[in-house]
Amino acid sequence: NAGVTQTPKFRILKIGQSMTLQCTQDMNHNYMYWYRQDPGMGLKLIYYSVGAGITDKGEVPNGYNVSRSTTEDFPLRLELAAPSQTSVYFCASSYSRQGGNQPQHFGDGTRLSIL
Amino acid sequence: AQSVAQPEDQVNVAEGNPLTVKCTYSVSGNPYLFWYVQYPNRGLQFLLKYITGDNLVKGSYGFEAEFNKSQTSFHLKKPSALVSDSALYFCAVRDSITSNTGKLIFGQGTTLQVKP
């Protein structure tokens with residue numbers, strides 16, 4: 001029972017490089033989310049999706065892009081990496097019934113450093 | 001504005017003693033409240049939630065939380081702490097403005113340290 005799988009687990013990028021953080025879930029959840037976690041700051045929502053083909057901005061979307069071509073996959077793309085994007089990135093998913101009162105399930109994160 | 005506050009950055013308790021991790025919230029409408037735990041180098045794990053009903057909610061690993069509407073609080077509790085409970089704890093509330101998206105607003109987290 002894999003749940004939410006994120007790859008890679010660690011990555012070091014140079015300023016200006018681009019990369020895609022992968023996220024896949026096998027629970028048939030419609031809702032998916034991308035967060036970044038910085039020390040002492042909690043989790044900030046970057047982008048979210050309520051279903052395949054539908055995405056929307058969260059609290060801190062600048063510098064990121066997402067796509068949702070399938071229910072299972074929700075990749076996050078950094079186009080021009082900047083030091084401010086050094087963070088731990090978490091993908092999460094949840095079941096869409098009952099008005100969004102279902103808990104979110106999290107992957108184990110991608111630790112990204114921009115140097 | 002909707003928000004969640006965890007007023008303590010760190011809580012220290014001795015093993016076997018009761019523990020409380022505090023959370024207060026501000027949201028329009030009925031609050032849907034959650035507690036999550038994060039162990040080092042892992043993602044968040046769901047502990048418990050309050051949607052409606054009894055104010056005392058029981059969850060995983062012996063944790064419980066008390067919903068208090070008048071004080072807009074949802075404190076996490078456990079009668080007897082274990083060293084293995086040491087972790088980072090997050091309180092969250094469902095975003096009621098976009099309630100059909102499942103979006104959550106998280107507090108900044110509280111580190112729980114249980115000493116033997």
Side-chain angles (χ1 to χ4, degrees), chain A residues 2-10 21 23 25 27 29-51 54-61 68 74 88-111, chain B residues 1-10 21 23 25 27 29-53 57 59-60 63 65 67 87-111:
Chain A
V4 178
T5 302
Q6 292 185 238
T7 57
K9 295 189 184 303
F10 306 93
L21 283 65
C23 174
Q25 52 92 8
M27 297 172 283
H29 286 168
N30 277 340
Y31 294 171
M32 295 189 75
Y33 314 87
W34 272 106
Y35 296 93
R36 58 177 289 171
Q37 182 181 25
D38 301 302
M41 300 296 289
L43 276 74
K44 302 294 184 184
L45 183 65
I46 304 172
Y47 271 94
Y48 68 99
S49 170
V50 298
I54 306 169
T55 62
D56 208 346
K57 296 178 180 179
E59 187 180 359
V60 290
R68 183 94 184 271
F74 191 41
V88 183
Y89 291 85
F90 288 100
C91 179
S93 70
S94 67
Y95 193 39
S96 59
R97 286 187 63 185
Q98 298 180 303
N101 68 2
Q102 298 303 304
Q104 293 182 13
H105 299 254
F106 284 78
D108 281 337
T110 294
R111 284 147 186 82
Chain B
Q2 301 182 98
S3 63
V4 175
Q6 294 179 242
E8 301 153 318
D9 290 336
Q10 182 158 327
V21 182
C23 172
Y25 65 90
V27 65
N30 293 323
Y32 288 6
L33 295 154
F34 300 80
W35 275 102
Y36 288 83
V37 60
Q38 185 181 29
Y39 298 101
N41 300 315
R42 299 299 303 275
L44 278 66
Q45 297 177 31
F46 168 71
L47 279 178
L48 51 80
K49 67 179 180 180
Y50 172 82
I51 304 301
T52 187
V57 178
S60 305
F63 283 93
F67 172 67
L88 182 59
Y89 290 81
F90 288 98
C91 181
V93 65
R94 186 194 66 167
D95 184 331
S96 61
I97 294 175
T98 57
S99 59
N100 62 345
T101 65
K103 287 167 58 181
L104 295 176
I105 300 166
F106 286 87
Q108 70 271 33
T110 298
T111 297

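The basis for the numbers below is simple: all heavy atoms, side chains too, and nothing from hydrogens, waters or symmetry mates. So that the names make sense, note that chain A is the first sequence line, chain B the second, and so on, each numbered from 1.
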For residues Phe90(B) and Gln37(A), report the shortest heavy-atom separation together with the two atoms involved.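 Smallest interatomic distance, heavy atoms only, reads CZ-NE2, 3.3 Å.
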Measure across Gly102(B) and Tyr31(A) and return the closest heavy-atom pair with its distance rounded to 0.1 Å.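 Reported closest heavy-atom pair: N-CE1, 3.6 Å.
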Side chains of [X] and [Y]: does their closest heavy-atom pair fall under 4.5 Å?
| X | Y | answer |
| --- | --- | --- |
| Tyr36(B) | Phe106(A) | yes |
| Gln45(B) | His105(A) | no |
| Gln38(B) | Phe90(A) | yes |

Give, for atom OH of Tyr33(A) and atom CG of Leu104(B), the distance between the pair rounded to the nearest 0.5 Å.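 So the OH of Tyr33(A) and the CG of Leu104(B) are separated by 6.5 Å.
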Value rounded to 0.5 Å, distance of CD1 in Ile51(B) from CD in Gln102(A):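 Reported value, rounded in 0.5 Å steps: 7.5 Å.
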Who passes salt bridge (charged side-chain N to carboxylate O under 4.0 Å, His left out) against Lys9(A), sequence neighbours left out?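 By the salt bridge (charged side-chain N to carboxylate O under 4.0 Å, His left out) rule, Lys9(A) matches no residue at all.
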Does any backbone or side-chain atom of Gln104(A) lie under 4.5 Å from a heavy atom of chain B? Answer side chain, backbone, both or neither.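 Its backbone and side chain both get close to chain B.
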Part of Leu43(A) lying under 4.5 Å from any heavy atom of chain B: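 Both parts, backbone and side chain.
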So what's closer than 4.5 Å to chain A heavy atoms on Ile105(B): side chain, backbone, both or neither?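 Neither part; nothing is under 4.5 Å.
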Flag the one option from Glu59(A), Met41(A), Arg111(A) with the top tally of heavy-atom pairs under 4.5 Å to chain B.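 Option with the top pair count is Arg111(A).
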Between Asp9(B), Thr111(B), Asn41(B), who has the most heavy-atom pairs with chain A when the cutoff is under 4.5 Å?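 Ranked by heavy-atom pairs under 4.5 Å with chain A, first place is Asn41(B).
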Is it the case that over 12 heavy atoms from other parts of the model lie below 6.0 angstrom from the CG atom of Asn30(B)?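 No, the 6.0 Å shell around CG holds no more than 12 heavy atoms from other groups.
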Just grab all the salt bridge (charged side-chain N to carboxylate O under 4.0 Å, His left out) pairs involving residues 33-42 of chain B, residues at least two apart or on different chains.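 Listed once each, the pairs are Asp108(A)-Arg42(B).
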